[in-house]
Structures are given as C-alpha cells and as structure tokens.
K.L.:
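Sharing a structure here in structure tokens format.
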2 protein chains.
Amino acid sequence: MARDLDIRVAIIEDDETIREGYAYLIGNTEGYKVTGTYPSYEDAARKIAHDDPDVLLLDVELPGISGIDALPKLKKILPEAYILILTVYEQEDLIFRALGSGASGYLTKNTPHEKIIAAIHEVMEGGGPMSAHIARMVISSFKRNEETPLTRRETEILEHISIGKSRKRIAQELFIDLETVKSHIKNIYHKLNVHSKADAIKAARDNKFI
Amino acid sequence: MARDLDIRVAIIEDDETIREGYAYLIGNTEGYKVTGTYPSYEDAARKIAHDDPDVLLLDVELPGISGIDALPKLKKILPEAYILILTVYEQEDLIFRALGSGASGYLTKNTPHEKIIAAIHEVMEGGGPMSAHIARMVISSFKRNEETPLTRRETEILEHISIGKSRKRIAQELFIDLETVKSHIKNIYHKLNVHSKADAIKAARDNKFI
DNA sequence: AAAAGTATCACCCTAAACAGGTGAATTTGT
DNA sequence: ACAAATTCACCTGTTTAGGGTGATACTTTT
C-alpha cells in the first residue's frame with residue numbers, strides 16, 4: 001500500500017471523544033492518514049506546519065480562539081491545505097464568515113461517518129462539500145425576490161447606485177439624461193419609503209430586490 | 001405502494017434521447033413519478049401547471065426561450081415546485097443567474113443516474129444539491145482575498161461606503177471623527193489607485209477585498 | 001381604444017457630500 | 001523600541017444629493 005499517497009488529515013476539535021472518534025475513523029480508512037489531532041488552535045499552531053496535512057477538519061466552538069477566528073491564521077500557516085468546518089451550528093453568519101475566511105466545505109456534526117470520508121475525498125478532487133441544509137442556505141443567499149415593487153429600470157439604477165456610482169455617471173452609462181435618473185431615484189425612494197442612498201440600498205438588499 | 005405519495009417530477013429538455021432517458025430512469029424508480037416531459041419552455045408552459053410537479057428538471061440550452069430565461073416564468077407558474085438545473089455548462093454567470101432566479105440546485109450532465117435521483121430526494125428534504133465543481137465555485141464566490149493591501153479599519157470603512165453610507169454617518173457609527181474617516185478614505189484611494197467611491201468599490205469587489 | 005404603468009426629460013431650490021493637500025499626535029502590534 | 005495603524009486638524013474648491021412639480025412619449029394590459 002502506497003502510504004505516501006495517503007490523504008493527510010488533521011483534526012482540531014476540543015471534545016476528546018469526538019476528536020478521537022474521527023481520528024479512529026479516518027486512520028482506519030484506506031487511503032487516509034491522520035497526521036495530528038489538536039484540542040485547540042493554540043495547540044495546532046505549534047505543530048501543524050510540521051505535520052503538513054492536506055485537509056484540516058475544524059470545529060467552530062473551541063476554547064480560546066474560536067474556529068472561525070482561527071481559520072485565517074490556519075490558512076496562513078497552511079496555505080495549500082483544504083479546511084472543512086465541522087460543527088453543530090447552522091447560523092447563516094457563521095457559515096458565511098467561514099466561507100469568506102477560506103473554508104472549502106461546511107459539514108454539520110450529524111454527518112454520517114462515511115459522508116465525512118466522502119467529503120474529504122471530494123474536497124481533494126475540487127469539490128465543495130456541504131451538508132444538505134447548509135447548501136440550501138448558501139443557494140438561498142443568491143435568490144432574488146420576485147415580488148419586487150421596483151421596475152426593471154429602477155432596479156438597474158439602484159444596482160448602479162449600490163456600487164457607488166453618481167447619478168451623473170449612471171446617466172452617462174445608460175445614455176439617458178441626469179433628470180431621468182433623478183426621476184427614477186425619486187420613485188425608488190418613494191416605493192422603498194426611504195430618503196437616502198444608504199437606506200435604499202439597505203432596504204433593497206434586505207429584501208433581495210437587488 | 002402509496003402512489004399518491006410519490007415525488008412528482010417533470011423534465012424540460014430538448015434532446016429526446018436524454019429526456020426519455022431521464023424519464024425512464026425516474027419513472028422506474030420507486031417513490032418517483034414522471035408527470036410530464038417537454039422539449040421546450042413553450043411546450044411546458046401550456047401543460048405544466050396541470051401536471052403539477054414537485055420537482056422540475058430544467059435544461060439551460062433550449063430552443064426558443066433559454067432555460068435561464070424560462071426559470072422565473074416557470075417559478076410563477078409553479079411557485080411551490082423545486083427547480084433543478086441540469087446542464088453541461090459550468091460558467092459562473094450562468095450558475096449565479098440560475099440561482100438568483102430561484103433554482104434550488106445545479107447539476108452537470110455527467111451526474112450519474114443514482115445521484116440525480118438522490119438530488120431530487122435531497123431537494124425535497126430541504127437540501128440544495130450541487131455537483132462538486134459547482135459547489136466549489138459557489139463557495140469560492142464567498143472567499144475573501146487575504147492579500148488585501150487594506151488594513152482592517154480601511155476595509156471596514158470601505159464596506160460602509162459600499163452600502164452607500166456618507167462619511168458623516170460612518171464617523172457617527174464608528175464613533176470617530178469625520179476627519180478620521182476622510183483620512184482613511186484618502187489612504188484607501190491611494191492604495192487602490194482610484195479617485196472616487198465607485199472606482200474604489202469596484203476595485204475592492206473585483207479583488208475580493210470586501 | 002382607453003387606461004395604467006413605465007420611461008423619459010425640464011426647471012426650481014438648498015444643504016450636504018466629495019475629493020484632495022499637508023501635517024501631526026496617539027495607539028497597537030511585533 | 002520600532003513600524004504600522006489609527007486618530008484628528010485645517011485648508012481649498014467642486015460636485016452631488018434630495019426634494020418639489022409638471023409634462024411628454026412609449027408599452028402593456030384590459
């Protein structure tokens with residue numbers, strides 16, 4: 001058996017039972033090798049560079065520095081490693097912070113063992129493993145609201161505003177008069193019941209009109 | 001066998017071989033029922049409301065109206081149905097347009113048959129099935145650039161700017177002086193080599209600094 | 001064909017925001 | 001202790017934003 005082609009996996013998880021459970025599972029699966037297990041980020045930081053894992057399973061609730069905050073630091077220590085979040089939490093803000101910080105996947109802890117192995121394999125093959133519910137939330141985050149009160153043109157103009165363009169510039173880019181842009185903006189403000197750019201953008205974003 | 005608890009599936013796909021292949025596969029799987037197969041959106045539009053599927057498999061390359069453009073229309077006809085995109089295309093803009101228009105999943109056509117069945121099941125259970133490569137792209141779209149030249153404070157201020165807030169308002173919300181905000185903005189502009197809000201936002205977005 | 005909705009442009013007004021230059025004190029992080 | 005980051009000050013002038021009121025033309029729907 002080609003030991004040197006094994007996928008090298010490290011685990012950062014404070015609960016010893018869970019940590020050793022994963023280590024046992026992965027260590028006893030052919031093609032996978034556990035290079036290290038750590039109960040906290042602080043512990044991992046010292047040894048993990050030497051252990052050089054391909055994939056890192058990371059818990060979000062850790063003593064000391066949280067998994068989320070540890071993520072960018074771990075990314076710096078191991079720029080090439082894939083980091084998979086393993087957690088019980090399914091809060092949107094946590095998920096998006098983790099993905100924004102460079103996590104390559106997000107699994108909930110009820111994930112059956114064979115799926116964890118599959119996820120490690122998948123991330124090595126260029127995939128982005130997620131638990132079903134997480135995937136749904138991620139997809140939903142892209143979904144626009146069809147019930148927008150804004151017309152197509154108004155939506156278009158609000159989008160330009162939302163990237164900081166001035167009315168004059170919008171007018172130029174859309175080949176319409178500045179007065180027309182102003183007119184649309186007035187209508188947008190009325191419909192959204194706001195009196196400023198910032199509030200219009202916020203209202204539209206919150207309601208997924210843009 | 002409880003026929004009336006079957007998951008009702010419809011297929012819109014112009015290639016007859018593929019279409020009938022899927023129909024055969026799904027129709028012969030216990031717990032699934034094919035309520036209709038259509039070669040185009042125009043065909044589907046007439047009959048699909050009556051057929052009332054739970055899940056709709058939708059191809060993106062269709063004669064006449066494309067699958068992407070058909071998506072919002074189909075959503076109107078069948079607001080409760082889940083729509084799964086089935087396509088050979090993996091272009092980012094197509095993926096995000098589809099998800100923005102309300103697709104609940106995105107599968108590539110090399111997906112093995114058992115995974116298609118699994119995806120239909122998954123979407124009915126609250127998941128968001130995606131092919132591995134698609135999931136990776138979706139996750140990557142959230143990933144920030146760690147190599148940002150901006151400091152934490154500068155990034156924070158640029159984020160406030162990007163949602164349309166005025167300098168004065170930013171100063172108030174961050175409990176710092178207006179002059180300080182201006183100072184940060186000057187530095188941001190220098191670092192990004194721009195001379196306006198809009199260009200700063202664009203540069204930062206393009207590079208995933210915010 | 002009429003009505004409703006959308007998109008277009010015009011002219012008025014005032015206050016606020018923006019962009020840029022230069023310099024400097026203070027606080028943080030390593 | 002040093003460098004980087006954050007904070008504030010004072011100066012200049014130009015541009016933008018927000019709001020009121022009204023009107024014309026093009027689409028879509030009824």
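In what follows, chains are A, B, ... by sequence order, proteins preceding strands, each numbered from 1. Every heavy atom of this structure was used, including side-chain atoms; hydrogens, water molecules and symmetry mates were not.
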K.L.:
Using modelled atom types only, decide if a donor and an acceptor are shared between the side chain of B/Ser166 and the backbone of B/Arg169 within a distance under 3.5 Å.
P.N.:
yes
K.L.:
How long is the gap from CD1 on B/Ile83 to OG on B/Ser101, to the nearest 0.5 Å?
P.N.:
9.0 Å
K.L.:
Nearest 0.5 angstrom please: A/Leu86 CG to A/Leu58 CG, how far?
P.N.:
8.5 Å
K.L.:
Quick one: B/Glu179 CD to C/dA25 P, roughly how many Å, whole number?
P.N.:
16 Å
K.L.:
Let's test your reading of the model: under 3.5 Å, does the base of C/dT8 pair with the side chain of A/Ser183 as donor and acceptor?
P.N.:
yes
K.L.:
How bent is the helix from C/dA1-D/dT30 to C/dG29-D/dC2, comparing axes over its five end pairs at each side, to the nearest 10°?
P.N.:
90°
K.L.:
For A/Ile185 and C/dT8, give me the distance from atom CD1 to atom P, rounded to whole Å.
P.N.:
13 Å
K.L.:
Heavy atoms only, 4.0 Å cut-off, all strands: where does A/Arg167 land among base, sugar-phosphate and nothing?
P.N.:
base
K.L.:
Could you give the NZ-to-P distance, from A/Lys182 to C/dC9, as a whole number of Å?
P.N.:
14 Å
K.L.:
Atom CG of A/Leu178 to atom P of C/dA10: distance rounded to whole Å?
P.N.:
10 Å
K.L.:
Do A/Lys76 and A/Lys73 make a side-chain contact, defined as non-hydrogen atoms from C-beta onward lying under 4.5 Å apart?
P.N.:
no
K.L.:
Between A/Asn145 and A/Thr148, does the side chain to side chain donor-acceptor pair (under 3.5 Å) criterion hold? Intermediate values first, please.
P.N.:
CA-CA 6 Å; A/Asn145 185 352; A/Thr148 177; over 6 Å; no
K.L.:
Taking the ring of A/Phe142 and the ring of B/Phe142, is the distance between their centroids below 6.0 Å?
P.N.:
yes
K.L.:
Quickly work out the A/Leu150 CG to C/dA7 C1' distance and round it to whole Å.
P.N.:
15 Å
K.L.:
Should A/Thr37 and A/Glu13 count as side-chain neighbours, where that means a heavy-atom distance under 4.5 Å?
P.N.:
no
K.L.:
Using whole Å, report how far NZ of A/Lys186 lies from C1' of C/dC13.
P.N.:
11 Å
K.L.:
Starting at NE2 of A/His184 and ending at P of C/dT6, how long is that distance when rounded to a whole Å?
P.N.:
11 Å
K.L.:
Taking the side chain as every heavy atom from C-beta outward, state whether B/Leu94 and B/Ile68 have any atom pair closer than 4.5 Å.
P.N.:
yes
K.L.:
Under 4.0 Å between any heavy atoms, over every strand shown, what does B/Ser166 touch: base, sugar-phosphate, or nothing? Just pick one.
P.N.:
sugar-phosphate
K.L.:
Looking at A/Ala204 and A/Leu158, what are the two nearest heavy atoms and their distance?
P.N.:
CB-CD2, 3.5 Å
K.L.:
Whole Å only: how far is the CD1 atom of A/Ile176 from the P atom of C/dT6?
P.N.:
16 Å
K.L.:
Near DNA chain D, counting only heavy atoms under 4.0 Å, which residues of residues 188-210 of chain B show up?
P.N.:
none
K.L.:
Contact boundaries of DNA chain D with chain B (under 4.0 Å, heavy atoms), 5' to 3'?
P.N.:
D/dA5 to D/dC11
K.L.:
In plain terms, say whether B/Asp93 and B/Arg97 are close enough for a salt bridge, that is, a side-chain N and a carboxylate O under 4.0 Å apart.
P.N.:
no
K.L.:
Looking at OG1 of A/Thr87 and CD1 of A/Ile134, how far apart are the two atoms once the value is rounded to the nearest 0.5 Å?
P.N.:
8.5 Å
